[in-house]
Amino acid sequence: ERFPSNDFKVINGAGSAYVARQEVIVASIWGIALEPDIIITLDGANDLVHRLRLGKAGTFFVDPAYEVFLKHQFLAPFAYLLSRSQALNGTQRLLERYRLASPESYADAVPVYVSAQHAINTMAKGLSATRVMVLQPFNAFKNPLSQPEANFTSYKYREPIIKELYNLAHAELATLAKKDGVRYLDGRSVFHGIQETIFSDDVHFADNRGYQILAKAIASCVREEDLGRKIHLTKGRGAREKAAQRLTAGPRMINEQER
């Protein structure tokens, strides 16, 4: 609506249970080929919430499932069905309630998440693409909550920890945005003052209304000069190879143990 004279092609690189490090992989594989004008990431929830179930930061929540699928193929169909069991998921949440530690115990997820954002920022710079980081909205920050939203209490036990991790991530992303010269949208406040029901759980939307509001907020971070301003690498192979060198010269991903 803000740019009625422009045509847009949106490529969604998201995947179920993805975290920011997996987004780095997607961007590194497809970034040069797609030559995007704008790179937008919408993330944070998986990076922080999954940490509560992991032994250490920087590992993937679905690693155990993939290990079964790859090493025990005959068990894979049963493991897949079991992973969809509401009884199993309910048991895991019940056990999680009693294993929770202080927010400081999970804060190591934040630098891992932010380092992935920095890597994508570096790629965007190499591609001459506008970069927008979006911290994913979270139900606990919405004010006021509608009655259906307030009635959703399945994950209430972990809410204080996730809010604290979100606040830490916000502070780091705001600093990173200034350092890397990119744009940042704090999704915690996107739905402030909206009384209608937006969330169906702690992060997912009930219907398209939530996506429409969030899309407008993201669009507000885009300027007219961002559209088509990228220097298209059409001046021979030398320019393209130079861009590839700039892209691959980004920082090595390091985790907190290496730090």
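Minimum interatomic distance between P36 and A129 (heavy atoms only, all atoms of both residues): O-CB, 3.3 Å. Between V110 and L165, the closest heavy-atom pair is CG2-O, 4.0 Å. Across all non-hydrogen atoms, the minimal contact from M133 to L173 is CE-O, 3.6 Å. When every heavy atom of F191 is checked against every heavy atom of K142, the shortest pair comes out as O-CG, 3.8 Å. The shortest non-hydrogen separation linking P103 to E164 is CB-CG, 3.7 Å. The two atoms that bring F205 and P137 nearest to each other are CZ-CG, 4.4 Å, heavy atoms only.
At distances below 3.5 Å, not a single donor-acceptor pair connects side-chain atoms of Y184 with backbone N or O atoms of K178. Although no hydrogens or angles enter the test, the distance criterion places a donor-acceptor pair under 3.5 Å between the side chain of R183 and the main chain of C221. Under the 3.5 Å distance criterion, the side-chain polar atoms of R51 are matched with a main-chain donor or acceptor of L54. In this structure a side-chain-to-backbone donor-acceptor pair under 3.5 Å is present from H192 to F141.
For the atom pair CG (N151) and CG (L145), the distance works out to 10.0 Å, reported to the nearest 0.5 Å. Atom-to-atom distance recorded for N121:CG and S115:OG is 11.0 Å, nearest 0.5 angstrom. Rounding to the nearest 0.5 Å places CD1 of I162 at 9.5 Å from CD of E159. Taking OG1 of T197 as the reference point, atom CG of N139 lies at 10.0 Å (rounded to 0.5 Å). We find the CG-CD1 distance between L48 and I161 to be 12.0 Å, quoted to the nearest 0.5 Å. Remark: I39 CD1 to I11 CD1 distance equals 10.5 Å, nearest 0.5 Å.
At a threshold of 4.5 Å between non-hydrogen side-chain atoms, the residues M123 and S28 count as touching. In this structure, the side chains of L100 and L52 come closer than 4.5 Å at one or more pairs of heavy atoms. With contacts defined as side-chain heavy-atom distances shorter than 4.5 Å, the pair S146/I198 does not qualify. Annotation: side chain of S154 is not in contact with side chain of D201 (no heavy-atom distance under 4.5 Å).
Put simply, L70 and I25 are part of two different groups of oily side chains (I, L, V, M, F, W, Y) that touch within less than 4.5 Å, one to the next. Neither V10 nor I40 shares a network with the other; the hydrophobic side chains, linked directly or stepwise wherever heavy atoms of I, L, V, M, F, W or Y lie under 4.5 Å apart, form separate groups for each.
None of D47, D43, T122 except one satisfies the side chain to side chain donor-acceptor pair (under 3.5 Å) rule with Q117; the exception is D43.
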Sequence neighbours excluded and cut-off under 3.5 Å, please list the side-chain donor-acceptor pairs for residues 207-218, or say none.
| unit_1 | atom_1 | unit_2 | atom_2 | d |
| --- | --- | --- | --- | --- |
| D207 | OD1 | R209 | N | 2.9 |
| R209 | NE | E196 | OE1 | 3.3 |
| R209 | NE | E196 | OE2 | 3.4 |

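Salt-bridge formation is detected for the pair D202/R158: a Lys NZ or Arg NE/NH1/NH2 atom is positioned less than 4.0 Å from an Asp or Glu carboxylate oxygen. The pair D180-K125 fails the salt-bridge criterion, with no side-chain N (NZ, NE, NH1 or NH2) lying under 4.0 Å from an Asp/Glu carboxylate O.
A search for side chain to side chain contact (heavy atoms under 4.5 Å, CB included) contacts involving Q22 returns Y18, V19, F60, not counting sequence neighbours. With sequence neighbours excluded, the residues forming a ring-ring contact (aromatic ring centres under 6.0 Å, His included) with F152 are Y155, listed by chain and number. Partners of Y106 by ring-ring contact (aromatic ring centres under 6.0 Å, His included), not counting sequence neighbours: none found. With sequence neighbours left out, the ring-ring contact (aromatic ring centres under 6.0 Å, His included) criterion links Y113 to no other residue.
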CA sep, side-chain torsions, deciding dist, call: Q136, N46, side chain to side chain donor-acceptor pair (under 3.5 Å) | CA-CA 9 Å; Q136 186 174 354; N46 287 346; 5.9 Å; no
Pair T130-V222, side-chain contact (heavy atoms from CB on, under 4.5 Å): steps then yes or no = CA-CA 8 Å; T130 296; V222 178; 5.9 Å; no
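Among pairs with a residue in residues 22-52, those fulfilling ring pair (Phe, Tyr, Trp, His ring centres under 6.0 Å) read H50-F61, at least two apart in sequence or across chains.
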